[in-house]
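Before any comments, here is the structure.
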2 protein chains.
Amino acid sequence: MGTTQLEAVPEPKYWHLRTVLADALDSDFAVGEILPNERELAARFGVARATLRQALDQLELEGRLQRRRGVGTTVAPPRVGVDVSTTRHEWPGAGAGGDGWQAVECALATAPGTVARLLSTASGEEVHTVRRLRVWHGRPVAAELLYVPASSVPDLPAIDTPSGPARARAVLRELQRLDLDGQERAVELGSARADDAKELDRLPGAPVLVVTTRYVVQGRTAVVSLATYRADTCRLTFGASGDLEISDQPQERQAS
Amino acid sequence: MGTTQLEAVPEPKYWHLRTVLADALDSDFAVGEILPNERELAARFGVARATLRQALDQLELEGRLQRRRGVGTTVAPPRVGVDVSTTRHEWPGAGAGGDGWQAVECALATAPGTVARLLSTASGEEVHTVRRLRVWHGRPVAAELLYVPASSVPDLPAIDTPSGPARARAVLRELQRLDLDGQERAVELGSARADDAKELDRLPGAPVLVVTTRYVVQGRTAVVSLATYRADTCRLTFGASGDLEISDQPQERQAS
DNA sequence: GAGTGGTCTAGACCACTGT
DNA sequence: CAGTGGTCTAGACCACTCC
């Protein structure tokens, strides 16, 4: 990376800087390599640290950089493709955990208004909330909250183990007995709440892709799932084998 | 909205501020209503304008606010569900424009490295690039760039109209003649390039959902599409009717 | 021209990581 | 402990929209 000064251009400095840095990443850096620190980079380009950070923010949003407090800024590996296809209609947890989901927790709660509106339940009705974590290549990529109305799993044994992973698995097991008619899925951008951020090893407010799934049984919405995927490291694939390469990143050398 | 001072809390000010503002949006504001300006809000909460802006950034990322330079900050309507399902395997433009796509431009170019790697073409081969714009409820929601290798449309009449919408439609028409075996789709977060930003009426760097589609013919990737959707206003729906409500926003009153 | 959000600066201090 | 990124401040000026 050069010591180039930025010339006067009509576009914002941080945007131009982003381009310059992106090119430098392509040509001069390997995946995992650590960049000079922010104060150093800012000085090198003759801008304030805040401006440099604005450029780094962009590159991090695009999944090209990874910043860790106390450590430094490293070149991120290409995003990993995570399959979220709905071609096979099946309940969560059906694949016996092969897709990286692990049940974590279970509790009884009242669904928030938006979820209650999706479920055909009274807004005050109690639902089981099952928390799952999805791990991919050894890294947590998604945190999910499943809302299962008590009426959807009437045969669930009462309070034997009121919470914990065992209870969560019991709820999922009960779902397998229902005939799933179909599922509807949507993706949108969000920012990580405190609890999700913690599970995903990110700071609160980190950009996430929120996948909402509606599980339909006999025309009714029997279960609603809200899964938040790390937007920086994940690419969601639909009906694909995950080998879709998308971003501008060329194949990069591996850092030593 | 109150004049509440922020108390000392272990969480970042901007994050707490985000929560306070989000609650205020729910209770005190209607969709389309204009907020006090940033300097005013910052003073009211006793923080620097930059800190307030960080909170507004979050809310805008979540699609709850809309900021327009020279105008002000308004409460955004709920995100609109845009169907991007792949249940029916069909070529772009097959639906006779009912899905809001309009062909805009066509040109000959060499595909960028990443796209060339998806297409089974030599990286130097020329491809037709078809630009389309998707309009939804009168607003542009997506800009797409289709990469069609010349070898995929061998019967395309040569240079009668070398560019423009007519040429773009001609390329799309040629595609309908091929037997489409399937398509693979992926979604990831990106930031709008200058040209996309302009078409989408956003600033460069605005967050977008990048949908990459691979159209498969006889095991080969015949066409690659890169569509960038406005992340602030769009929710991408898969195999659904678009009535999935996702975010935390309750139903809001309409502004006068 | 007045008012808005967007960019940029030059500092300061904090929270966290490694040694 | 030193070094990193994360937060925050108090200003300044610019680009844009609307009257």
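Throughout, a chain's letter reflects where its sequence line sits, starting with A, and its residues are numbered from 1. No hydrogens, no waters, no symmetry mates; every other heavy atom, side chains included, goes into these values.
As rounded to whole Å, 11 Å separates atom P of dC8(C) from atom CZ of R69(B). Per the geometry, CD belonging to E60(B) stands 7 Å off P belonging to dG6(C), to the nearest Å. Rounded to an integer number of Å, the gap from CD of E11(A) to C1' of dC8(C) is 15 Å. What separates CG of L203(B) from P of dC14(D) is a distance of 18 Å, to the nearest Å. Between the CD atom of Q54(A) and the P atom of dG6(C) there is a distance of 11 Å, rounded to whole Å. Atom-to-atom, CG of L52(A) to C1' of dC8(C) comes out at 13 Å; the value is rounded to the nearest Å. Between Q66(B) atom CD and dG6(C) atom P there is a gap of 11 Å when expressed in whole angstrom units. Taking atom NZ of K198(B) as the reference point, atom P of dC16(D) lies 12 Å away to the nearest angstrom.
Of the candidates dG5(C), dT7(C), dG5(D), the closest approach to any side-chain atom of N37(A) belongs to dG5(D). The side chain of T51(A) sits closest to dT9(C) out of dC8(D), dT4(C), dT9(C). Here the side chain of Y14(B) is nearest to one of dG6(D), dT7(C), dC8(D), namely dC8(D). The side chain of R49(A) sits closest to dA12(C) out of dA12(C), dC8(D), dG5(C). For A50(B), taking side-chain heavy atoms from C-beta onward, the closest of the listed nucleotides dC8(C), dG6(D), dT9(D) is dT9(D). In this structure, the nucleotide among dT9(C), dT9(D), dT7(C) sitting nearest to the side chain of A48(A) is dT9(C). Candidate nucleotides dT7(D), dT9(D), dG5(C) were compared by shortest atom distance to the side chain of K13(B), and dT9(D) ranks first. Closest to the side chain of R39(B), out of dT4(C), dC8(D), dG6(D), is dT4(C).
Across the interface with DNA chain C, nearest-nucleotide mapping of R67(B) and G70(B) shows G70(B) to be the residue nearer the 5′ end.
If you check the side chains of T233(A) and R79(A), you find no donor sitting under 3.5 Å from an acceptor.
Each of T74(B), T73(B), D57(B) was checked for a side chain to side chain donor-acceptor pair (under 3.5 Å) with R67(B), and the lone residue meeting it is D57(B).
At least one side-chain heavy atom of V210(A) sits less than 4.5 Å from a side-chain heavy atom of L226(A). In this structure, the side chains of Y229(B) and V84(B) come closer than 4.5 Å at one or more pairs of heavy atoms. In this structure, the side chains of L35(A) and V75(A) come closer than 4.5 Å at one or more pairs of heavy atoms.
A close approach under 4.0 Å does not occur between any side-chain nitrogen or oxygen of R68(B) and OP1 or OP2 of dT4(C). An OP1 or OP2 oxygen of dT4(C) is reached within less than 4.0 angstrom by no side-chain nitrogen or oxygen of T73(B).
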